[in-house]
Amino acid sequence: MRTRQFLKPRTVSREVDALVDALPKHNIGSQGYDPWGLNPDTAKITFTAVRWLYENYFRAQAYGLDNIPADGRLLIVGNHSGQLPMDGVMVSFAVANKAENARLPRSMIERWFPSVPFLGNWMNSVGGVIGDPKNCAKMLEREEAIVVFPEGIRGSGKPYRLRYQLQRFGHGFMHLAMEHNTPIVPVGVVGCEETMPSLVNIKPLARMLGLPYFPLAPLVPLPARVVINFGKPLRYANDARNERDVEWRVEEVKDAIRDLIDTGIAQRKSIF
Amino acid sequence: MTEKQKTGAGTGPSDTASHPTPSKRKTPARRRASAGAGKKRKAAPAGIGSETRGKVMVTGAAGALAQHVIALLKENYDVVGVEFRGLQTSYPDTVDYVVDFNTRPFEDVFREHGFTAIIHLGRIRFTQSTRGRRYSANVIGTARLLRLALKYGVEQVIALSTFHVYGADARNPSLIDEEYPMRAANLMREVVDAVELENLFNIYLYKHPELNIAILRPCHIAGPGINNEISRMLAQPVAPCLLGFSPLMQFIHVEDMAEAVLRAFERNRPGVYNVAPDDYVAYQDALQLAGCRRLFLPSVPPGLARRAVRALGRYAPPDYLINFFKYAVIIDGSLFARTFDFKPQRSLTELLGHYRGDK
């Protein structure tokens with residue numbers, strides 16, 4: 001609390017303060033927390049830092065933000081890459097920084113993050129939530145917008161030679177979308193593959209440290225240009241007869257994301 | 001020889017007067033009752049919802065929560081307070097009997113009074129006594145309590161459990177509802193008695209619907225008189241916390257919890273319910289609001305954290321509960337709130353302000 005009180009007046013501008021205050025937030029309690037740990041003050045401090053990264057370091061460009069509805073439950077589903085969840089941060093910021101109808105999306109994070117000191121609490125306080133279907137279902141019932149990367153660590157931890165190749169998607173997001181009548185907005189992120197290109201995953205070291213992977217990669221993200229494309233919302237009725245039907249629908253979403261990635265690669269003038 | 005004498009020591013008021021023994025504790029209520037020794041009272045044909053007031057047994061009657069519950073119940077019901085922990089040196093007026101549930105004299109309390117309901121608040125906490133003693137009192141003792149409830153035609157049982165049964169783990173989702181598995185037994189073997197107690201109540205809930213069992217799983221109960229692990233942390237001028245971890249927590253004021261118990265009792269809707277407000281605070285923020293200075297302990301590696309906590313002794317939570325001070329366990333109390341039209345009246349600021357005011 002004291003760290004926040006110290007940092008907020010020194011880092012957060014009035015503009016950012018007003019901008020984050022205007023974002024629709026649900027169930028913030030008397031002490032400034034929602035049930036998943038979101039804290040608007042920490043979000044404001046982080047927003048300031050991410051804004052600089054978004055605009056000056058990664059020089060990100062976002063297209064198709066009109067496809068994000070102003071309210072209601074929503075799943076934003078994209079391709080994962082870059083060893084660190086920088087793509088999730090960029091996608092969430094693009095939606096929160098929209099000129100009109102901005103929203104504060106919640107990102108599904110890996111289950112081991114809360115066990116990391118400082119990082120786990122910080123990720124929760126800026127909107128990160130453990131990628132558990134129960135969490136996701138409850139948030140959709142509360143009309144939240146959720147950023148999901150169904151590839152999980154298969155996507156973020158893949159080596160550079162597999163860049164822009166979608167790995168296997170989990171089906172959980174599709175079941176949630178069908179059961180909770182939620183539109184899916186596909187998103188293609190281009191550039192994060194180049195922020196931390198990994199040559200190889202050092203598995204013994206990862207096992208020793210209890211991490212899902214340990215990349216041989218730059219220590220800090222490189223300043224690659226990021227292009228984000230949001231697609232048209234996809235809607236699926238809850239009428240799948242079996243898992244095979246669900247798999248076909250997941251493949252449709254993957255195809256939409258592949259198209260958006262191709263568009264982004266074409267839009268990008270240079271990697272750095 | 002009278003029937004009372006045959007049953008043994010520590011049974012009821014009449015027994016106390018005629019054959020005092022050193023092992024029995026005289027409470028004010030028992031002293032009052034001793035005046036009418038020898039007069040066997042006949043249970044009134046009372047029942048919940050009938051015009052006659054029912055007679056209610058409240059276990060753990062020496063506890064702070066029980067004292068609030070008894071004060072609320074006394075307006076409309078005859079209350080008999082039973083205490084089994086036997087650890088306190090003095091007892092308040094709310095205790096009528098001090099008796100171990102596992103001893104034969106406990107049945108005499110049922111014989112003496114025609115209970116229509118039992119509010120079971122008595123449970124040895126994690127920091128009290130050994131694992132074996134806790135298991136014996138909490139699980140075996142409660143099994144006997146439930147058998148006697150069946151035998152003597154008790155119509156309703158309210159059981160106080162704890163949110164600890166869900167277990168603290170990095171993978172826990174937020175807003176855990178009643179259908180979530182009780183993982184604590186798998187994560188921490190020291191709290192296995194709490195999970196077994198719940199399982200026992202669940203078996204009786206479905207096997208004996210005539211008992212109308214409602215199981216309450218409250219979040220952290222705090223406030224005046226409460227002496228659980230979290231209250232001890234908040235009451236200290238310097239409280240330990242783990243570096244890099246400040247889990248989200250929920251607190252309910254002891255008076256609100258007493259009101260919740262009363263509502264569950266009066267409305268009689270059997271089932272399992274989480275009891276928690278729709279308000280949250282991070283542990284380190286709670287410490288600061290309670291006027292505590294934070295003592296940071298190393299959080300990694302886990303072995304070092306446990307050693308540091310153990311070194312602090314009673315000033316820190318027991319090391320097997322350390323994960324509750326590391327990972328959030330946020331429960332969804334909406335089912336209870338809807339079913340019993342319940343909303344806590346005391347805010348977090350008021351609750352934590354109590355501890356600040358005491359410093």
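A note on names: the letters A, B, ... follow the listed sequences, proteins ahead of strands, and every chain is numbered from 1.
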For this session: Give a yes or no on this: more than 12 heavy atoms of other residues, nucleotides or ligands lie within 6.0 Å of atom CZ of B:R189.
Result: no
Seminar exercise, completed: Rounded to the nearest 0.5 Å, the NZ atom of B:K326 sits from the OG atom of A:S115 at a distance of 7.5 Å
Problem set entry | Close side-chain approach of A:K134 and B:Y180, heavy atoms under 4.5 Å | yes
For this session: Give a yes or no on whether a salt bridge exists between A:R4 and B:D285, defined as a side-chain N under 4.0 angstrom from a carboxylate O.
Result: yes
Exercise. Would one find more than 12 heavy atoms of other residues, nucleotides or ligands at under 6.0 Å from atom OH of B:Y315?
Worked result: no
For this session: Compare every heavy atom of B:Y280 with every heavy atom of A:Q31, then report the nearest pair and how far apart it is.
Result: CB-O, 3.6 Å
Problem set entry | Leading residue by heavy atom contact count with chain A [cutoff under 4.5 Å; candidates B:L175, B:N172, B:N323, B:L243] | B:L175
Exercise. More than 12 foreign heavy atoms under 6.0 Å from NZ of B:K343: is that the case here?
Worked result: no
Problem set entry | Derivation of the side chain to side chain contact (heavy atoms under 4.5 Å, CB included) call for A:T3 and B:Q284 | CA-CA 11 Å; A:T3 315; B:Q284 290 188 24; over 6 Å; no
Exercise. At a heavy-atom separation under 4.5 Å, does A:N124 approach chain B through its side chain, its backbone, both, or neither?
Worked result: neither
For this session: Give, as side chain, backbone, both or neither, the part of B:L242 having an atom under 4.5 angstrom from any heavy atom of chain A.
Result: neither
Problem set entry | Donor-acceptor pair, side chain of B:S174 and main chain of A:P35, under 3.5 angstrom | yes
Exercise. More than 12 non-hydrogen atoms from neighbouring residues, nucleotides or ligands closer than 6.0 Å to CG on A:D71, yes or no?
Worked result: no
Exercise. Heavy-atom distance under 4.5 Å to chain B: side chain of A:V116, backbone, both or neither?
Worked result: backbone
Problem set entry | Heavy-atom contact with chain A under 4.5 Å, split by part of B:D332 | side chain
Problem set entry | Interface moiety of B:V300 toward chain A, non-hydrogen atoms closer than 4.5 Å | side chain
Problem set entry | Contact summary for A:Y33 and B:A282, nearest pair of heavy atoms | OH-CB, 3.5 Å
Exercise. Are side-chain heavy atoms of A:W36 and B:I330 found at a separation under 4.5 Å?
Worked result: no
For this session: Using atom types as modelled and distance alone, determine if a side-chain donor or acceptor of A:N121 lies under 3.5 Å from a backbone N or O of B:S246.
Result: yes
Exercise. Between B:L248 and chain A, which part of the residue has a heavy atom less than 4.5 Å away: side chain, backbone, both or neither?
Worked result: side chain
Problem set entry | Most chain B-contacting option - heavy-atom pairs closer than 4.5 Å, from A:P117, A:C136, A:G131 | A:P117
For this session: Please report the shortest heavy-atom distance between B:D177 and A:K138, naming the atom on each side.
Result: OD2-NZ, 3.6 Å
Problem set entry | Heavy atoms of other groups near B:N199 CG, more than 12 under 6.0 Å | yes
Problem set entry | B:D279 side-chain N/O to A:S30 backbone N/O, donor-acceptor pair under 3.5 Å | yes
